[in-house]
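First up is the structure itself, then whatever we jot down about it.
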Amino acid sequence: PGFPRTLGQAKALDGICELDLVISLNIPFETLKDRLSARWVHPASGRVYNMDFNPPLTQGVDDLTGEPLVQREDDRPEAVAARLRKYKDAAKPVIELYKSRGILHSFSGTETNKIWPYVYSLLSSRIPPLLPDQEH
């Protein structure tokens with residue numbers, strides 16, 4: 001989840017700046033639940049592993065120390081499902097607010113490398129590219 005997550009946060013943000021573009025990534029519930037549930041951590045260092053994308057060399061233990069990995073309580077499948085439902089309920093009015101202002105751009109998918117080209121295209125159309133002599 002990004003920011004703002006709640007209507008209160010959106011209104012506070014209005015007091016700081018005027019948004020002209022908001023991006024919403026619509027990712028299926030099951031995809032999010034699976035990804036978050038696959039996350040394990042090494043408590044002492046904070047190193048994060050994902051059993052699907054970045055697994056440890058040896059199942060269940062930290063690559064550097066060999067110490068056991070743990071799954072945070074809020075990353076367990078049932079907790080993730082509850083978190084996602086709560087987020088969806090809180091975010092709905094935020095999405096509606098930005099939609100009503102005509103500044104919401106939504107992208108749907110399950111993989112970053114498939115969504116990113118569309119997001120990049122939108123951003124490139126709004127932000128002029130930096131030319132080599134403008135970099136300094």
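What you see below is based on every heavy atom in this structure, not just the backbone, and it leaves out hydrogens, waters and symmetry mates.
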Report the C-alpha distance between Asn26 and Phe107 in whole Å, list the side-chain angles of each, state the deciding distance to 0.1 Å, and finish with yes or no for side-chain contact (heavy atoms from CB on, under 4.5 Å). CA-CA 6 Å; Asn26 300 319; Phe107 299 91; over 6 Å; no
Connected via hydrophobic side-chain network under 4.5 Å: Leu64 and Val61: no
Could you give the distance from CZ (Arg5) to NZ (Lys86), rounded to the nearest 0.5 Å? 11.0 Å
My understanding is that only residues two or more places apart in sequence, or in another chain, count here; which of them pass salt bridge (charged side-chain N to carboxylate O under 4.0 Å, His left out) with Arg35? none
Tyr120 OH: over 12 foreign heavy atoms closer than 6.0 Å: no
Looking only at heavy atoms, what is the nearest atom pair of Pro43 and Pro68, with distance? CD-O, 4.1 Å
With side chains defined as the heavy atoms from C-beta onward, is the minimum distance between Asn50 and Val48 less than 4.5 Å? no
Does any non-hydrogen side-chain atom of Tyr98 lie less than 4.5 Å from one of Pro93? no
Could you go through Arg47 and Tyr49, starting from their C-alpha distance and side-chain angles, then the distance that decides it, and tell me whether this counts as side-chain contact (heavy atoms from CB on, under 4.5 Å)? CA-CA 7 Å; Arg47 276 185 289 280; Tyr49 297 87; 4.0 Å; yes
Residue pair Val41 / Val70, side-chain heavy-atom distance below 4.5 Å: yes
Shared hydrophobic cluster for Ile27 and Leu36 (ILVMFWY, side-chain gaps under 4.5 Å): yes
Within this structure, what is the CD-OG distance for the pair Glu30 and Ser37, rounded to the nearest 0.5 Å? 9.0 Å
Enclosure of Glu78 CD (heavy-atom neighbours >12, cutoff 6.0 Å): yes
Rounded to the nearest 0.5 Å, what's the gap from OG1 on Thr112 to CD1 on Ile115? Could you check? 6.5 Å
OH/Tyr118 to CG/Leu123 distance, rounded to the nearest 0.5 angstrom? 15.0 Å
pair Leu122-Leu21: side-chain heavy atoms closer than 4.5 Å: yes
Would you say that Asp62 contacts Thr65 through its side chain, given a criterion of any heavy-atom pair below 4.5 Å between the two side chains? yes
Cluster overlap Leu19 with Phe3, hydrophobic side-chain contacts below 4.5 Å: yes
Work out which heavy atom in Pro4 is nearest to a heavy atom in Ala10; give both atom names and the distance. CB-N, 3.6 Å
Got a sec, which residues hit salt bridge (charged side-chain N to carboxylate O under 4.0 Å, His left out) with Asp75, two or more places apart in sequence or on another chain? Arg39, Arg72, Arg83
From Leu69 CG over to Gln71 CD, what is the distance, rounded to the nearest 0.5 angstrom? 10.5 Å
Compare every heavy atom of Pro28 with every heavy atom of Gly109, then report the nearest pair and how far apart it is. O-CD, 3.4 Å
Distance, nearest 0.5 Å, that separates CD1 of Ile95 from OG of Ser24: 3.5 Å
Is it the case that the side chains of Thr31 and Asp34 hold a donor-acceptor pair, with the cut-off being a distance below 3.5 Å and no angle test? no
With side chain to side chain donor-acceptor pair (under 3.5 Å) as the rule and sequence neighbours excluded, what pairs involving residues 10-21 come up? Asp14-Arg101
Do the side chains of Leu32 and Leu84 get nearer than 4.5 Å, heavy atoms only? yes
